[in-house]
Amino acid sequence: MLTGASIVSQPTPAGSRAEPVRYNFRETEAKWRAVWEERGTFRATADRSKPKYYVLEMFPYPSGRIHMGHVRNYTQGDVVARYRRAKGFNVLHPMGWDAFGLPAENAAMEKKVHPRKWTYENIATMKAQLKSMGLSLDWSRELATCDPSYYRHQQKMFLDFWKAGLAYRKEAWVNWDPVDNTVLANEQVIDGKGWRTGATVERRKLAQWNLKITQFADELLERLDTMDRWPEKVRLMQANWIGKSEGARVFFELTGPGIAGGEKLEIFTTRPDTLFGASFMAISPDHPLAVRLAASDPALADFIAECRRTGTSAAEIETAEKKGYRTAVSVKHAVKPDETLPVYVANFVLMEYGTGAIFGCPGHDQRDLDFARKYGLKVIPVVLPPGEQAAVFVIRDVAYVEDGTIINSGFLNGLSVADAKRAIIRHLEEKGLGKGTVQYKLRDWLVSRQRYWGCPIPAIHCPACGVVPVPEKDLPVTLPDDVEFDAPGNPLDRHPTWKHVNCPKCGGPAQRETDTFDTFIDSSWYFDRFTSPHCETAPFDREEHEYWMPVDQYIGGVEHAILHLLYSRFWTRAMRTVQLAGRDEPFDGLFTQGMVCHETYRAPDGNWLFPEEVKRSEGGGVVRASDGAPVSVGRSEKMSKSKKNVVDPDQIIRDYGADTARWFMLSDSPPERDLEWTEAGVSGAWRFQQRLYRLLSAAIAGLPPAGSAKPAQFTDAAMALRRAAHRAAAGVGEDIQRFHFNKGVARLYELANAIEAFRLASDADRWALRETLDIFVRLIGPMTPHLGEELWQMLGGQGLLADAPWPAADPALLVDDEVTVAVQVNGKLRATLRLPKDAGKQAAEAAALAMPETQRAMAGKPPKKIVVVPNRIVNVVV
RNA sequence: GCCCCUGUGGCGGAAUUGGUAGACGCGGCAGACUCAAAAUCUGUUGCCCGCAAGGGCGUGUUGGUUCGAGUCCGACCAGGGGCACCA
């Protein structure tokens, strides 16, 4: 009998020392993982009788070891997956490896390991680490993108896309590192030099493979509006990236030396309404006309060469001066027949956007104005701001870019900007001088990489037949194993035999394509493959794919907001185009998690220190543990090896257990925000695990067996406990669905506090306590699954907690029959009042006015007005 | 430069539609247990005045709407993110 005693401070048996009950997480966690694995608890099979739920976290690059960002990502996904299982969904929760990529080649160069060996060793290590987290993953679906059984389908799909016109070759300017003999991505060029070699990067024109993502530009943009389970931020970033703008193309007739009769210059503008204000034309240094004119104009050739030397980094562009070179040619003004306009080559005009040529209207574009002032060109205002007089309005230092009334523009005069756009486009189209068009910033996806460790592009270059697809029967084109990394450049290119093949068309000697695919291709369809990863005849089994897709909940870092997610959306449409699948969108719900941060530490010599190298001194400062040297503590930043502010997940799991790591990841910080990793937070999470174990151990004795008949009567305290439990059941589920894990955690703390404060006095109390514990354990299951299973077993639960249903909240217990109402006088809180739920306005008013606190605050004045919000507030205005 | 987001105790953060600001956790303080410490438990903890009862102030700053504003509107300040010669 524990009457009146706290259920926790249970007296220990006489004679025994008060040994605190300790939860042995090491043994227990391993035990339950073995049970799940042995029973195949998380293996998924398509079952049309149940609703499906596909939970996916972005698969990792096998860099060597998992980091805290992975732990956070996979914990969140696992909570969702386990919760959905408990709610009766047929859950697919797979894991794989984004296994191609440059780090493997760097490792090969530095450590003389073959990229394949390095990659698969890393996979083995990281798989063991992920397993130690107790994730509810179906490992039977594991895949690695570097496996030929995976990428053969990718090669096949590429051939299909090629046939359908979605893949093509195009000459493109690339950053060429002359030392490594390779192409560099823009972000690998620092101050015009290669990031690895320090060599000055050259701009070279190379034939490269491209995928026609621009074909879907409009669709990719329009569909964003309907994707309401994606973060607003990501949709906005994608919309900006696609960058739709409406305007017109206009043709200007060229005149001057070297110009053939009738030759035209085509420009793109979003402001055709300002055409009458044009005072110059500007073309890109890469524009064919510029290149042609340079052949007979050495000064222009120098100018173009100088432009090409200027880097493409953000900082350089910002500081680069706007410069132009006046060519010998001019154009006839499209709408003012007797005027001509000079043609400049300008360093700020991009060949890749629009037509690589613009017209300059200095009055209504700041950059054009700066240019015009610099080169002494005319400034003709053609939009009059409201309230200004046309006769006296002039543009000084600031271009006018807002709406207004059109002036100095012939038949457009008097129109608004929007009307003028419509009118001029109609005019241009009628006269054959131009046409209204839509322009996108989005460019086609360049997928060629001069690398070894990637998926080979299945194409053959034949001197007679040109570029020929590898026949399907010869797929996959696999990578040769015997490669050397001691020389710069692509090992595939200098391999003695690999690239030499016979042309599949004419049988003559030919060469393989030695470029490999951008690894973003690998990750553009892995989620499709997960639906049937062992299918040999196709990328996936169509029926399995139909059942499981789309991904219901995708979770990963916001750094993939544009590229990976946009490419995946494209790939899905490309597959639809070649009738491989019928979907438009791969990801129904998307969640982007925040980063994991930690304080940074620096020794007096300026070197970074790992968190485990520092300690708190007695004086409260932070010192180096080895010698007590003072340490300067920097602000919390994203964990990174370079600043050594990292904590190893392995270490945490070893010292505190997976459940503690998971619990800490979920508590306090909202999952979309950055999380600060602190020692105090971890030990707090650990203490809670221990506390729960003690709580259950102590409470369990003397409880009625599971399934005992419900008593007819409960005390108020027991009813309060039951209400708390049922409210938690409803609330935590809601929190998980809405990704408010931190709030769910807070509710569980509250319920634990209520359980601990509950005093047992009767059998009915014991029944209520068992009911509450039963609910509680089910609720913590998704968050701390190992401890959950252990407690579930202690409670005598049926089967595994991982298979147990989510507790159903009794609606009758979710509503209180009494509510607390706030009493305000002139909007200031003066008292609170307990009232029966849904008490009438009059009763509430009377009760509030009767309170001495109310009367005192009213100071004898009569009420002017009384506002009553039922069950909430009574506000007396005097 | 353009676009977007966020500002709440010592700290992380709660607060359906405008309706009791600070749930929950961390940390602090006081106490219990202990020879002592750790662990654990109990109480307390926004700031200011007051012995107390009680009162005043308080969600980045500032102005407004409202019976009532963390929440809505305007201006500003600070921090973070994205894009960036995009015509």
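For the numbers below, each heavy atom of this structure counts, side chains included, while hydrogens, waters and symmetry mates do not. Chain naming here is simple, since letters A, B, ... match the order of the sequence lines and numbering starts at 1 in each.
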Is there a Watson-Crick or G-U wobble partner for G43(B) with both distances under 3.5 Å, and if so, which one is it?
C29(B)
Applying the 3.5 Å cut-off to both distances, the Watson-Crick or G-U partner of G58(B) turns out to be none
Give the rounded distance in Å between these two atoms: CG of Asn240(A) and C1' of C83(B).
7 Å
In whole angstrom, what separates Lys374(A)'s NZ from C85(B)'s P?
18 Å
In the structure shown, which nucleotide is the Watson-Crick or G-U wobble counterpart of C51(B), with both distances under 3.5 Å?
none
Calculate the interatomic distance between Gln824(A) atom CD and A69(B) atom P; express it in whole Å.
9 Å
Quick one: list whatever passes side-chain hydrogen bond (donor to acceptor under 3.5 Å, both in side chains) with Arg691(A), sequence neighbours left out.
Asn753(A), Glu756(A)
Does the Arg830(A) side chain pair with the main chain of Glu853(A), one donor and one acceptor, at a distance under 3.5 Å?
no
pair_partner(C2(B)), Watson-Crick or wobble, both distances < 3.5 Å, evaluates to G82(B)
Nearest-Å distance once atom C1' is located in both U59(B) and A78(B):
16 Å
Would you measure the distance from the C1' atom in G22(B) across to the matching atom in U8(B) and give it in whole Å?
8 Å
Expressed in angstrom and rounded to an integer, what is the separation of Lys233(A) atom NZ from G82(B) atom P?
9 Å
To the nearest 0.5 Å, what is the distance between OH (Tyr23(A)) and CG (Asp659(A))?
5.5 Å
Nucleotide nearest Arg691(A) when distance is taken to its side chain, options C67(B), C41(B), A87(B):
C41(B)
Arg367(A) side-chain N/O to C86(B) phosphate OP1/OP2 under 4.0 Å
yes
May I ask you to test the Glu672(A)-Pro670(A) pair for a side-chain heavy-atom distance under 4.5 Å?
yes
Nearest-Å distance once atom P is located in both C51(B) and U42(B):
33 Å
Can you check the Ile358(A) CD1 to C86(B) C1' distance for me, whole Å?
10 Å
Would you kindly say whether Asn645(A) and Thr600(A) are connected by a side-chain donor-acceptor distance under 3.5 Å?
no
Among A87(B), A23(B), A84(B), the one nearest Thr269(A) by side-chain distance
A87(B)
Should Arg747(A) be listed as having a side-chain N or O under 4.0 Å from OP1 or OP2 of A23(B)?
no
Would you classify Val876(A) as touching base, sugar-phosphate or nothing, given that sugar-phosphate means primed atoms plus P, OP1 and OP2, and contacts are heavy atoms under 4.0 Å?
nothing
Aromatic contact, Trp686(A) with Phe664(A) (centres under 6.0 Å):
no
At less than 4.0 Å, is any side-chain N or O atom of Tyr353(A) found next to OP1 or OP2 of A87(B)? Yes or no.
yes
OP1 or OP2 of G56(B) less than 4.0 angstrom from a side-chain nitrogen or oxygen of Arg830(A), does that happen here?
yes
Carboxylate-amine/guanidinium proximity below 4.0 Å for Lys421(A) and Glu246(A):
no
Nearest-angstrom distance, P atom, C29(B) to U34(B)
23 Å
Taking a pair to mean Watson-Crick or G-U wobble geometry with both distances below 3.5 Å, U34(B) pairs with none
Report yes if a donor N or O on one partner sits less than 3.5 Å from an acceptor N or O on the other, where the partners are the side chain of Lys322(A) and the base of C85(B); otherwise report no.
yes
Is a side-chain N or O of Asp286(A) found less than 3.5 angstrom from the main chain of Met351(A), in a donor-acceptor match?
no
What is the base-pairing partner of C72(B), counting Watson-Crick and G-U wobble geometry with both distances under 3.5 Å?
G64(B)
Nearest-angstrom distance from the residue atom CZ of Phe348(A) to P of C86(B)
9 Å
P atoms of U17(B) and C72(B), separation to the nearest Å
10 Å
What contact category does Val869(A) fall into here, base, sugar-phosphate, or nothing, at under 4.0 angstrom with non-hydrogen atoms?
base
Applying side-chain contact (heavy atoms from CB on, under 4.5 Å) to Pro611(A) and not counting sequence neighbours gives His598(A), Tyr601(A), Val647(A)
Is there a donor-acceptor contact under 3.5 Å from the side chain of Asp368(A) to the main chain of Cys361(A)?
yes
Report which part of the nucleic acid Lys828(A) touches: base, sugar-phosphate, or nothing (heavy-atom distance under 4.0 Å, all strands).
sugar-phosphate
By the 4.0 Å heavy-atom rule, please label Leu350(A) as base, sugar-phosphate, or nothing.
base
Syn or anti for G22(B) (syn when the glycosidic angle lies within 90° of 0)
anti
Rounded C1' spacing from G7(B) to G31(B) in Å:
38 Å
Nearest-nucleotide check on RNA chain B, Arg687(A) vs Leu829(A); residue mapping nearer the 5' end is Leu829(A)
What are the atom names and distances for every N/O pair under 3.5 Å that joins the protein to nucleotides 6-14 of chain B?
unit_1	atom_1	unit_2	atom_2	d
G12(B)	O2'	Ser669(A)	OG	3.1
G12(B)	N2	Asp668(A)	OD1	2.9
A14(B)	OP1	Asn742(A)	ND2	3.4

Out of C86(B), A87(B), C67(B), which has the shortest distance to the side chain of Thr270(A)?
A87(B)
For nucleotides A14(B) and U65(B), find the distance between their C1' atoms and express it as a whole number of Å.
27 Å
Could you state the CD-P distance from Glu559(A) to G82(B), rounded to the nearest angstrom?
10 Å
Taking C24(B), C67(B), U20(B) as options, the one with an atom nearest any side-chain atom of Lys865(A) is C67(B)
Going by an N to O cut-off under 4.0 Å, is there a salt bridge joining Arg834(A) and Asp816(A)?
no
Nucleotide forming a Watson-Crick or wobble pair with A87(B), both distances under 3.5 Å
none
Contact class for Arg443(A) vs. all strands (heavy atom < 4.0 Å): base, sugar-phosphate, or nothing?
base
Asn753(A) CG to C41(B) C1', straight-line distance once rounded to whole Å:
13 Å
Taking the nucleotide of RNA chain B with the nearest heavy atom to each, does Gly827(A) or Asp365(A) sit closer to the 5' end?
Gly827(A)
Determine the interatomic distance between P on G64(B) and the same-named atom on C5(B); round to the nearest Å.
26 Å
Using a cut-off of 4.0 Å on non-hydrogen atoms, how would the nucleic acid contact of Thr820(A) be classed: base, sugar-phosphate, or nothing?
base
